[in-house]
Amino acid sequence: MFDEIEAPLVRVLEEMEATGIRVDGAMLEAMGRDLRAELERVEREIHDLAGHPFNVNSPQQLRKVLFDELGLVPSGRRTQKTRVHSTGQEVLEALAAQHPLPARVLEYRELSKLLGTWVEALPKLIDPEDGRVHTRFHQLGAATGRLSSSDPNLQNIPIRTPLGRRIREAFVPEPGWLFVSADYSQMELRILAHLSGDPELIRAFSEGRDIHAYTAAAVTGIPLEEVTPELRARAKAVNFGIIYGMSEFRLAREQGMSRDEARAFITAYFERYGKVREYIDGVIAHVARHGEVRTLFGRRRSFPELIATEDGTRGGLSRPQREALVRQAVNATVQGSGADIIKLAMVRLHARFRDQGLAARMVLQVHDELLVEVPAGEVAQVERHVREVMESAARLAVPLAVDVRSGPNWSAVH
DNA sequence: TCAGATCACCGC
DNA sequence: AAACGCGGTGATCTGA
(Lines give C-alpha, C1' and ligand atoms only; values in the text may rest on other atoms or scores of the structure.)
Protein backbone atom coordinates (compact mmCIF):
# COMPACT_ATOMS: atom_id res chain seq x y z
CA MET A 1 0.00 0.00 0.00
CA PHE A 2 2.64 2.50 1.03
CA ASP A 3 5.48 1.66 -1.36
CA GLU A 4 3.44 1.04 -4.48
CA ILE A 5 0.54 3.42 -4.03
CA GLU A 6 0.73 6.18 -1.43
CA ALA A 7 4.44 7.03 -1.66
CA PRO A 8 4.59 7.44 -5.45
CA LEU A 9 1.22 9.20 -5.43
CA VAL A 10 2.69 12.12 -3.47
CA ARG A 11 4.54 13.45 -6.50
CA VAL A 12 1.58 12.87 -8.79
CA LEU A 13 -0.70 14.94 -6.58
CA GLU A 14 1.95 17.60 -6.14
CA GLU A 15 2.12 17.96 -9.91
CA MET A 16 -1.67 18.06 -10.26
CA GLU A 17 -1.92 20.84 -7.68
CA ALA A 18 0.80 22.84 -9.43
CA THR A 19 -0.80 22.32 -12.84
CA GLY A 20 -4.29 23.36 -11.75
CA ILE A 21 -7.26 23.56 -14.09
CA ARG A 22 -8.23 26.41 -16.39
CA VAL A 23 -11.46 28.21 -15.49
CA ASP A 24 -13.25 30.68 -17.77
CA GLY A 25 -13.80 33.60 -15.39
CA ALA A 26 -15.70 35.73 -17.90
CA MET A 27 -18.25 32.97 -18.39
CA LEU A 28 -18.85 32.75 -14.65
CA GLU A 29 -19.13 36.54 -14.33
CA ALA A 30 -21.83 36.52 -17.00
CA MET A 31 -23.66 33.67 -15.26
CA GLY A 32 -23.39 35.59 -12.02
CA ARG A 33 -25.21 38.61 -13.48
CA ASP A 34 -28.06 36.39 -14.74
CA LEU A 35 -28.31 34.47 -11.50
CA ARG A 36 -28.37 37.56 -9.30
CA ALA A 37 -31.22 39.04 -11.34
CA GLU A 38 -33.17 35.78 -11.21
CA LEU A 39 -32.50 35.39 -7.50
CA GLU A 40 -33.89 38.85 -6.77
CA ARG A 41 -37.02 38.03 -8.76
CA VAL A 42 -37.61 34.81 -6.81
CA GLU A 43 -36.86 36.57 -3.55
CA ARG A 44 -39.53 39.20 -4.28
CA GLU A 45 -42.07 36.45 -5.01
CA ILE A 46 -41.25 34.79 -1.71
CA HIS A 47 -41.62 38.03 0.22
CA ASP A 48 -44.97 38.68 -1.48
CA LEU A 49 -46.21 35.21 -0.61
CA ALA A 50 -45.06 35.66 2.99
CA GLY A 51 -46.59 39.10 3.21
CA HIS A 52 -43.36 40.72 4.38
CA PRO A 53 -39.62 40.64 3.67
CA PHE A 54 -37.33 38.24 5.54
CA ASN A 55 -34.00 36.52 5.00
CA VAL A 56 -34.77 33.42 2.96
CA ASN A 57 -31.27 32.14 3.69
CA SER A 58 -32.08 31.91 7.36
CA PRO A 59 -33.72 28.58 8.26
CA GLN A 60 -34.75 30.20 11.54
CA GLN A 61 -36.71 32.99 9.85
CA LEU A 62 -38.09 30.63 7.21
CA ARG A 63 -39.30 28.25 9.91
CA LYS A 64 -41.22 31.11 11.52
CA VAL A 65 -42.87 32.10 8.23
CA LEU A 66 -43.81 28.54 7.25
CA PHE A 67 -45.05 27.13 10.51
CA ASP A 68 -46.05 30.12 12.68
CA GLU A 69 -47.34 32.67 10.18
CA LEU A 70 -48.64 30.56 7.27
CA GLY A 71 -49.66 27.75 9.59
CA LEU A 72 -48.35 24.95 7.37
CA VAL A 73 -48.37 21.51 8.95
CA PRO A 74 -44.85 20.37 9.83
CA SER A 75 -43.80 16.97 8.51
CA GLY A 76 -42.43 15.77 11.81
CA ARG A 77 -38.85 15.92 10.62
CA ARG A 78 -36.59 17.66 13.08
CA THR A 79 -33.11 19.12 12.77
CA GLN A 80 -30.18 17.28 14.28
CA LYS A 81 -28.95 19.40 17.18
CA THR A 82 -31.77 21.70 18.19
CA ARG A 83 -34.63 19.33 17.30
CA VAL A 84 -36.74 22.06 15.69
CA HIS A 85 -38.81 21.63 12.52
CA SER A 86 -36.56 21.04 9.52
CA THR A 87 -36.80 23.25 6.45
CA GLY A 88 -34.71 20.87 4.33
CA GLN A 89 -35.38 19.91 0.73
CA GLU A 90 -37.51 16.84 1.46
CA VAL A 91 -39.69 18.77 3.86
CA LEU A 92 -40.21 21.65 1.44
CA GLU A 93 -41.11 19.23 -1.33
CA ALA A 94 -43.82 17.78 0.88
CA LEU A 95 -45.04 21.21 2.00
CA ALA A 96 -45.38 22.29 -1.63
CA ALA A 97 -48.74 20.55 -1.68
CA GLN A 98 -50.08 22.97 0.94
CA HIS A 99 -48.83 26.34 -0.30
CA PRO A 100 -46.94 27.91 -3.25
CA LEU A 101 -44.15 29.32 -1.08
CA PRO A 102 -42.07 26.18 -0.38
CA ALA A 103 -41.52 25.50 -4.10
CA ARG A 104 -40.24 29.05 -4.53
CA VAL A 105 -37.85 28.55 -1.64
CA LEU A 106 -36.48 25.41 -3.28
CA GLU A 107 -35.89 27.46 -6.41
CA TYR A 108 -34.24 30.18 -4.34
CA ARG A 109 -32.02 27.66 -2.59
CA GLU A 110 -30.76 26.17 -5.87
CA LEU A 111 -29.91 29.58 -7.31
CA SER A 112 -28.37 30.85 -4.12
CA LYS A 113 -26.24 27.71 -3.66
CA LEU A 114 -24.88 27.85 -7.20
CA LEU A 115 -24.25 31.57 -7.02
CA GLY A 116 -22.65 31.69 -3.60
CA THR A 117 -20.63 28.49 -3.61
CA TRP A 118 -19.30 28.44 -7.16
CA VAL A 119 -20.26 31.21 -9.56
CA GLU A 120 -19.07 33.99 -7.26
CA ALA A 121 -16.36 32.07 -5.42
CA LEU A 122 -14.42 30.42 -8.25
CA PRO A 123 -13.40 33.56 -10.18
CA LYS A 124 -11.74 34.88 -7.01
CA LEU A 125 -9.59 31.77 -6.87
CA ILE A 126 -8.27 31.97 -10.42
CA ASP A 127 -4.50 32.48 -10.31
CA PRO A 128 -3.85 35.63 -12.42
CA GLU A 129 -0.46 34.17 -13.41
CA ASP A 130 -1.91 31.27 -15.38
CA GLY A 131 -5.70 31.65 -15.40
CA ARG A 132 -6.04 28.38 -13.51
CA VAL A 133 -7.49 27.23 -10.21
CA HIS A 134 -5.11 25.24 -8.01
CA THR A 135 -7.03 23.03 -5.61
CA ARG A 136 -5.38 21.20 -2.76
CA PHE A 137 -5.61 17.41 -2.78
CA HIS A 138 -5.46 15.80 0.63
CA GLN A 139 -3.96 12.39 0.11
CA LEU A 140 -5.58 10.87 3.19
CA GLY A 141 -8.38 13.39 3.51
CA ALA A 142 -10.97 10.73 4.15
CA ALA A 143 -10.84 7.96 6.75
CA THR A 144 -11.46 5.38 4.03
CA GLY A 145 -8.39 6.30 1.95
CA ARG A 146 -10.18 8.55 -0.48
CA LEU A 147 -8.68 11.87 -1.47
CA SER A 148 -10.40 15.05 -0.49
CA SER A 149 -10.07 18.43 -2.19
CA SER A 150 -10.24 21.94 -0.74
CA ASP A 151 -9.58 25.62 -1.41
CA PRO A 152 -11.59 25.18 -3.55
CA ASN A 153 -13.16 21.74 -3.36
CA LEU A 154 -13.24 20.63 -7.01
CA GLN A 155 -14.73 17.24 -6.14
CA ASN A 156 -18.23 18.65 -5.65
CA ILE A 157 -18.79 20.78 -8.74
CA PRO A 158 -22.51 20.55 -9.71
CA ILE A 159 -23.70 18.14 -12.40
CA ARG A 160 -27.22 17.07 -11.41
CA THR A 161 -29.34 20.01 -12.56
CA PRO A 162 -29.15 21.77 -15.96
CA LEU A 163 -28.19 25.05 -14.32
CA GLY A 164 -25.56 23.34 -12.22
CA ARG A 165 -24.04 21.67 -15.25
CA ARG A 166 -23.42 25.06 -16.79
CA ILE A 167 -20.83 25.70 -14.11
CA ARG A 168 -18.87 22.73 -15.47
CA GLU A 169 -18.78 24.39 -18.87
CA ALA A 170 -16.50 27.00 -17.36
CA PHE A 171 -13.84 24.35 -16.72
CA VAL A 172 -11.88 24.28 -19.97
CA PRO A 173 -8.56 23.01 -21.37
CA GLU A 174 -5.90 25.24 -22.86
CA PRO A 175 -6.52 26.37 -26.46
CA GLY A 176 -5.60 23.52 -28.77
CA TRP A 177 -6.12 20.96 -26.00
CA LEU A 178 -9.12 18.84 -25.02
CA PHE A 179 -10.32 17.10 -21.89
CA VAL A 180 -10.40 13.34 -21.71
CA SER A 181 -12.59 12.09 -18.88
CA ALA A 182 -12.59 8.48 -17.74
CA ASP A 183 -14.81 7.10 -15.04
CA TYR A 184 -15.22 3.69 -13.53
CA SER A 185 -18.72 2.41 -14.20
CA GLN A 186 -20.51 1.19 -11.03
CA MET A 187 -17.16 0.92 -9.31
CA GLU A 188 -18.33 0.19 -5.78
CA LEU A 189 -20.96 -2.37 -6.77
CA ARG A 190 -18.36 -4.21 -8.83
CA ILE A 191 -16.05 -4.18 -5.83
CA LEU A 192 -18.88 -5.54 -3.70
CA ALA A 193 -19.40 -8.30 -6.26
CA HIS A 194 -15.72 -9.16 -6.04
CA LEU A 195 -15.33 -8.94 -2.27
CA SER A 196 -18.46 -10.98 -1.61
CA GLY A 197 -17.94 -13.42 -4.46
CA ASP A 198 -21.68 -13.40 -5.01
CA PRO A 199 -22.36 -15.46 -8.15
CA GLU A 200 -25.53 -13.61 -9.11
CA LEU A 201 -23.95 -10.16 -8.84
CA ILE A 202 -20.86 -11.42 -10.67
CA ARG A 203 -23.02 -12.84 -13.44
CA ALA A 204 -24.89 -9.57 -13.86
CA PHE A 205 -21.68 -7.62 -14.33
CA SER A 206 -20.00 -10.27 -16.46
CA GLU A 207 -22.96 -10.21 -18.82
CA GLY A 208 -22.76 -6.42 -18.97
CA ARG A 209 -26.23 -5.92 -17.51
CA ASP A 210 -27.91 -2.70 -16.42
CA ILE A 211 -27.27 -3.56 -12.76
CA HIS A 212 -30.19 -1.62 -11.29
CA ALA A 213 -32.71 -3.07 -13.72
CA TYR A 214 -31.19 -6.50 -13.21
CA THR A 215 -31.52 -6.18 -9.45
CA ALA A 216 -35.13 -5.02 -9.83
CA ALA A 217 -35.93 -8.10 -11.90
CA ALA A 218 -33.94 -10.45 -9.68
CA VAL A 219 -35.57 -9.21 -6.49
CA THR A 220 -39.19 -9.09 -7.72
CA GLY A 221 -39.19 -11.95 -10.20
CA ILE A 222 -40.53 -9.64 -12.89
CA PRO A 223 -39.00 -10.17 -16.36
CA LEU A 224 -36.23 -7.69 -17.19
CA GLU A 225 -38.20 -6.11 -20.03
CA GLU A 226 -41.09 -5.31 -17.69
CA VAL A 227 -39.06 -3.39 -15.11
CA THR A 228 -40.56 0.10 -14.85
CA PRO A 229 -38.44 3.22 -14.28
CA GLU A 230 -39.96 3.51 -10.80
CA LEU A 231 -39.05 -0.06 -9.91
CA ARG A 232 -35.56 0.42 -11.29
CA ALA A 233 -35.16 3.54 -9.14
CA ARG A 234 -36.08 1.53 -6.05
CA ALA A 235 -33.61 -1.18 -6.93
CA LYS A 236 -30.98 1.49 -7.47
CA ALA A 237 -31.68 2.92 -4.02
CA VAL A 238 -31.28 -0.55 -2.56
CA ASN A 239 -28.09 -1.25 -4.48
CA PHE A 240 -26.52 1.90 -3.07
CA GLY A 241 -28.21 1.50 0.27
CA ILE A 242 -26.62 -1.91 0.80
CA ILE A 243 -23.16 -0.39 0.49
CA TYR A 244 -24.09 2.25 3.06
CA GLY A 245 -25.96 -0.06 5.44
CA MET A 246 -29.32 1.54 4.76
CA SER A 247 -32.30 0.85 7.00
CA GLU A 248 -35.76 -0.12 5.82
CA PHE A 249 -36.92 3.14 7.43
CA ARG A 250 -35.00 5.27 5.05
CA LEU A 251 -35.79 3.17 1.99
CA ALA A 252 -39.49 3.36 2.81
CA ARG A 253 -39.36 7.11 3.40
CA GLU A 254 -37.38 7.96 0.29
CA GLN A 255 -39.14 5.62 -2.10
CA GLY A 256 -42.62 6.29 -0.77
CA MET A 257 -43.11 2.66 0.26
CA SER A 258 -44.58 1.21 3.42
CA ARG A 259 -42.19 -0.20 6.01
CA ASP A 260 -43.39 -3.69 5.11
CA GLU A 261 -42.73 -3.17 1.42
CA ALA A 262 -39.27 -1.82 2.14
CA ARG A 263 -38.46 -4.73 4.44
CA ALA A 264 -39.69 -7.19 1.80
CA PHE A 265 -37.52 -5.55 -0.84
CA ILE A 266 -34.38 -5.76 1.29
CA THR A 267 -35.14 -9.33 2.34
CA ALA A 268 -35.62 -10.32 -1.29
CA TYR A 269 -32.33 -8.61 -2.13
CA PHE A 270 -30.38 -10.71 0.33
CA GLU A 271 -32.18 -13.88 -0.72
CA ARG A 272 -31.07 -13.25 -4.26
CA TYR A 273 -27.59 -12.00 -3.42
CA GLY A 274 -26.93 -14.30 -0.47
CA LYS A 275 -23.16 -13.97 -0.52
CA VAL A 276 -23.49 -10.24 0.00
CA ARG A 277 -25.25 -10.92 3.30
CA GLU A 278 -22.49 -13.37 4.23
CA TYR A 279 -19.82 -10.87 3.28
CA ILE A 280 -21.31 -8.12 5.43
CA ASP A 281 -21.68 -10.51 8.37
CA GLY A 282 -18.11 -11.62 7.83
CA VAL A 283 -16.80 -8.05 8.01
CA ILE A 284 -18.79 -7.47 11.19
CA ALA A 285 -17.38 -10.64 12.78
CA HIS A 286 -13.86 -9.70 11.68
CA VAL A 287 -13.98 -6.21 13.12
CA ALA A 288 -15.41 -7.54 16.40
CA ARG A 289 -12.32 -9.75 16.72
CA HIS A 290 -9.55 -7.60 15.25
CA GLY A 291 -10.80 -4.06 15.75
CA GLU A 292 -9.96 -3.11 12.18
CA VAL A 293 -10.99 -3.77 8.59
CA ARG A 294 -8.85 -4.00 5.47
CA THR A 295 -9.40 -3.07 1.85
CA LEU A 296 -8.61 -5.07 -1.26
CA PHE A 297 -4.99 -3.90 -1.23
CA GLY A 298 -4.51 -4.00 2.54
CA ARG A 299 -5.34 -0.49 3.62
CA ARG A 300 -6.47 -0.57 7.25
CA ARG A 301 -9.09 1.40 9.13
CA SER A 302 -9.16 0.96 12.85
CA PHE A 303 -12.31 0.41 14.93
CA PRO A 304 -10.99 -0.34 18.41
CA GLU A 305 -14.38 0.33 20.00
CA LEU A 306 -15.95 -2.50 18.04
CA ILE A 307 -13.81 -5.23 19.61
CA ALA A 308 -16.18 -7.65 21.32
CA THR A 309 -15.94 -7.67 25.07
CA GLU A 310 -15.78 -10.82 27.23
CA ASP A 311 -19.20 -10.25 28.72
CA GLY A 312 -20.87 -9.25 25.48
CA THR A 313 -21.52 -5.65 26.56
CA ARG A 314 -21.05 -2.93 23.98
CA GLY A 315 -17.91 -1.36 25.39
CA GLY A 316 -19.62 1.80 26.56
CA LEU A 317 -21.30 2.53 23.22
CA SER A 318 -25.00 3.01 22.80
CA ARG A 319 -26.64 0.76 20.25
CA PRO A 320 -26.97 3.58 17.68
CA GLN A 321 -23.33 4.52 18.16
CA ARG A 322 -22.24 0.94 17.69
CA GLU A 323 -24.45 0.46 14.65
CA ALA A 324 -23.08 3.63 13.08
CA LEU A 325 -19.52 2.31 13.52
CA VAL A 326 -20.51 -1.04 12.03
CA ARG A 327 -21.86 0.73 8.93
CA GLN A 328 -18.64 2.69 8.67
CA ALA A 329 -16.60 -0.49 8.93
CA VAL A 330 -18.53 -2.33 6.23
CA ASN A 331 -18.59 0.68 3.92
CA ALA A 332 -14.87 1.30 4.43
CA THR A 333 -13.99 -2.03 2.82
CA VAL A 334 -15.83 -1.08 -0.35
CA GLN A 335 -15.14 2.65 -0.54
CA GLY A 336 -11.53 2.14 0.54
CA SER A 337 -10.94 -0.52 -2.10
CA GLY A 338 -12.22 1.91 -4.69
CA ALA A 339 -9.71 4.45 -3.40
CA ASP A 340 -6.91 1.86 -3.64
CA ILE A 341 -7.75 1.08 -7.24
CA ILE A 342 -8.00 4.60 -8.60
CA LYS A 343 -4.91 5.74 -6.70
CA LEU A 344 -2.90 2.89 -8.22
CA ALA A 345 -4.28 3.80 -11.64
CA MET A 346 -3.14 7.39 -11.11
CA VAL A 347 0.40 6.32 -10.25
CA ARG A 348 0.58 4.07 -13.30
CA LEU A 349 -1.02 6.55 -15.64
CA HIS A 350 1.42 9.24 -14.62
CA ALA A 351 4.30 6.87 -15.36
CA ARG A 352 2.69 5.88 -18.65
CA PHE A 353 2.44 9.48 -19.87
CA ARG A 354 6.08 10.00 -18.95
CA ASP A 355 7.29 6.77 -20.59
CA GLN A 356 5.33 7.47 -23.76
CA GLY A 357 6.59 11.03 -23.97
CA LEU A 358 3.07 12.43 -23.87
CA ALA A 359 2.28 15.99 -22.81
CA ALA A 360 -1.12 14.91 -21.45
CA ARG A 361 -1.57 15.58 -17.74
CA MET A 362 -4.05 14.59 -15.08
CA VAL A 363 -5.83 17.61 -13.65
CA LEU A 364 -8.57 16.21 -11.39
CA GLN A 365 -9.62 13.07 -9.58
CA VAL A 366 -13.21 12.77 -8.40
CA HIS A 367 -13.27 9.38 -6.61
CA ASP A 368 -14.18 7.26 -9.63
CA GLU A 369 -13.23 9.71 -12.39
CA LEU A 370 -9.97 11.04 -13.80
CA LEU A 371 -9.94 14.23 -15.84
CA VAL A 372 -6.98 14.62 -18.18
CA GLU A 373 -5.94 17.67 -20.21
CA VAL A 374 -4.62 16.52 -23.56
CA PRO A 375 -3.11 18.19 -26.66
CA ALA A 376 -5.60 17.61 -29.48
CA GLY A 377 -3.10 15.45 -31.34
CA GLU A 378 -2.69 13.04 -28.43
CA VAL A 379 -6.37 12.40 -27.72
CA ALA A 380 -6.76 9.04 -29.43
CA GLN A 381 -3.57 7.66 -27.86
CA VAL A 382 -4.39 9.00 -24.42
CA GLU A 383 -7.89 7.52 -24.54
CA ARG A 384 -6.35 4.10 -25.14
CA HIS A 385 -3.78 4.45 -22.39
CA VAL A 386 -6.26 5.75 -19.83
CA ARG A 387 -8.71 2.92 -20.47
CA GLU A 388 -6.01 0.28 -20.39
CA VAL A 389 -4.38 1.53 -17.19
CA MET A 390 -7.62 2.06 -15.30
CA GLU A 391 -9.22 -1.23 -16.34
CA SER A 392 -6.15 -3.23 -15.37
CA ALA A 393 -5.44 -1.50 -12.05
CA ALA A 394 -7.05 -4.44 -10.25
CA ARG A 395 -7.96 -7.93 -11.31
CA LEU A 396 -11.45 -8.53 -9.98
CA ALA A 397 -13.98 -11.33 -10.39
CA VAL A 398 -15.88 -8.91 -12.65
CA PRO A 399 -14.62 -6.60 -15.37
CA LEU A 400 -13.64 -3.09 -14.26
CA ALA A 401 -15.46 -1.10 -16.91
CA VAL A 402 -14.32 2.43 -17.73
CA ASP A 403 -16.25 5.02 -19.75
CA VAL A 404 -13.94 7.32 -21.66
CA ARG A 405 -14.95 10.53 -23.45
CA SER A 406 -13.26 13.61 -24.83
CA GLY A 407 -14.59 17.12 -25.23
CA PRO A 408 -13.98 20.88 -25.06
CA ASN A 409 -15.11 21.40 -21.44
CA TRP A 410 -15.90 19.42 -18.32
CA SER A 411 -19.63 19.36 -19.02
CA ALA A 412 -19.21 18.02 -22.54
CA VAL A 413 -17.42 14.87 -21.39
CA HIS A 414 -20.37 13.66 -19.29
C1' DT B 1 -14.15 41.18 14.23
C1' DC B 2 -13.65 36.47 14.81
C1' DA B 3 -14.50 31.50 15.92
C1' DG B 4 -17.52 27.87 16.39
C1' DA B 5 -21.97 25.76 15.96
C1' DT B 6 -25.84 24.88 13.09
C1' DC B 7 -28.36 24.10 9.01
C1' DA B 8 -28.45 23.17 4.45
C1' DC B 9 -26.63 21.14 0.21
C1' DC B 10 -23.03 20.17 -3.58
C1' DG B 11 -20.34 15.75 -5.27
C1' DC B 12 -19.01 10.44 -5.36
C1' DA C 1 -32.24 6.81 20.38
C1' DA C 2 -31.28 6.41 15.78
C1' DA C 3 -32.40 5.20 11.40
C1' DC C 4 -27.07 5.79 4.49
C1' DG C 5 -21.05 5.79 3.81
C1' DC C 6 -17.13 9.69 2.59
C1' DG C 7 -16.06 14.64 2.12
C1' DG C 8 -16.05 20.59 1.83
C1' DT C 9 -18.33 25.22 1.76
C1' DG C 10 -21.51 29.17 2.48
C1' DA C 11 -24.90 31.82 5.19
C1' DT C 12 -26.67 32.72 9.51
C1' DC C 13 -26.54 33.09 14.31
C1' DT C 14 -24.40 33.51 18.79
C1' DG C 15 -21.12 34.83 22.01
C1' DA C 16 -16.56 36.36 23.18
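The sequence lines fix the lettering, A, B, ..., with proteins before strands; numbering per chain opens at 1.
- The residue A:T144 sits close only to the backbone: its heavy atoms come under 4.0 Å of sugar-phosphate atoms, none of a base.
- Between the side chain of A:E17 and the backbone N or O of A:F137 there is at least one donor-acceptor pair closer than 3.5 Å.
- In summary, the side chains of A:E261 and A:Q255 do not present any donor paired with an acceptor at a separation below 3.5 Å, with no hydrogens or angles considered.
- Taking the six-membered ring for Trp and the full ring otherwise, A:Y273 and A:Y269 have centroids separated by under 6.0 Å.
- For the segment residues 66-99 of chain A, the set of residues with a heavy atom within less than 4.0 Å of an atom of DNA chain B comprises A:T79, A:Q80, A:K81, A:T82, A:S86, A:T87, A:G88, A:Q89, in numerical order.
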side-chain hydrogen bond (donor to acceptor under 3.5 Å, both in side chains) evaluation trace for A:T144 with A:Q335: CA-CA 6 Å; A:T144 52; A:Q335 187 181 116; 2.6 Å; yes

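- Cation-pi geometry between A:R209 and A:Y214 is not met: the NZ or CZ atom fails to fall both under 6.0 Å from the ring centre and inside 45° of the normal.
- The CG atom of A:L140 sits 15 Å away from the P atom of C:dC6 (whole-angstrom rounding).
- At the heavy-atom level, A:R253 lies nowhere under 4.0 Å from the strands shown.
- Spacing of P atoms, C:dA2 relative to B:dT6, comes out at 14 Å, to the nearest Å.
- The distance from atom CG of A:L189 to atom P of C:dC4 is 18 Å, rounded to the nearest whole Å.
- Contact annotation: A:T117 side-chain N/O to C:dG10 OP1/OP2 distance is not under 4.0 Å.
- Remark: A:P59 in residues 22-61 of chain A come within less than 4.0 Å of DNA chain B through at least one heavy atom.
- Using a 4.0 Å heavy-atom criterion, one finds that A:I159 contacts the sugar-phosphate atoms exclusively.
- Here the closest heavy-atom approach between residue A:L251 and residue A:A237 is recorded as CD1-CB, 4.0 Å.
- A:T79 and A:S86 are not linked by any side-chain donor-acceptor pair at a separation below 3.5 angstrom, with hydrogens and angles left out of the test.
- Rounded to a whole Å, the CG atom of A:L111 is 18 Å from the P atom of C:dG10.
- For residues 403-414 of chain A, no pair satisfies salt bridge (charged side-chain N to carboxylate O under 4.0 Å, His left out), with sequence neighbours left out.
- A:H138 and A:S150 form a side-chain donor-acceptor contact under 3.5 Å, judged by distance and modelled atom types alone.
- Environment of CZ in A:R300: sparse, with no more than 12 heavy atoms of neighbouring residues, nucleotides or ligands closer than 6.0 Å.
- Residue contacts for A:I243: at a heavy-atom cut-off of 4.0 Å it reaches no nucleic acid atom on any strand shown.
- In this structure, A:D151 atom CG and C:dG8 atom C1' are separated by 9 Å, rounded to whole Å.
- A:E254 comes within contact range of at least one nucleobase, with a heavy-atom separation under 4.0 Å.
- In this structure, A:Q335 atom CD and C:dC4 atom P are separated by 16 Å, rounded to whole Å.
- Residue contacts shown for A:G241 include a base, since a base heavy atom lies under 4.0 Å away.
- Between the side chain of A:D183 and the backbone N or O of A:E369 there is no donor-acceptor pair closer than 3.5 Å.
- If you take CG of A:L317 and P of C:dA1, they are 16 Å apart, rounded to a whole angstrom.
- Per the geometry, NE2 belonging to A:H138 stands 9 Å off C1' belonging to C:dG8, to the nearest Å.
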Would you sort out whether A:T161 and A:E110 count as a side-chain hydrogen bond (donor to acceptor under 3.5 Å, both in side chains), showing the intermediate values? CA-CA 9 Å; A:T161 66; A:E110 187 192 356; 2.9 Å; yes

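- We find that CG of A:D340 is positioned 16 Å from P of C:dC6, with the value rounded to whole Å.
- Nearest heavy-atom pair across A:Q321 and A:G316 is OE1-O, 4.2 Å.
- One side chain, A:H385 or A:R352, offers a donor N or O that lies under 3.5 Å from an acceptor on the other.
- Using a 4.0 Å cutoff to heavy atoms of chain A, the contacted part of DNA chain B runs 5' to 3' from B:dT6 to B:dC12.
- The residue among A:E248 and A:K113 whose nearest nucleotide of DNA chain C lies closer to the 5′ end is A:E248.
- For the residue pair A:H52 / A:E69, a side-chain donor-acceptor distance below 3.5 Å is found, with atom types taken as modelled.
- One C1' atom belongs to B:dC9, the other to C:dC4, and the distance between them is 16 Å to the nearest Å.
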Under the rule of Watson-Crick or G-U wobble with both distances under 3.5 Å, where | means paired to another strand and [ ] a crossing pair, DNA chain B maps to ||||||||||||

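- By the 6.0 Å and 45° rule, A:R361 does not stack over the aromatic ring of A:F353.
- Relative ring orientation between A:H212 and A:F240 is described as tilted, the plane-to-plane angle lying within the 30° to 60° band.
- Contacts between residues 323-333 of chain A and DNA chain C, counted as heavy-atom distances below 4.0 Å, involve A:R327, A:Q328, A:N331.
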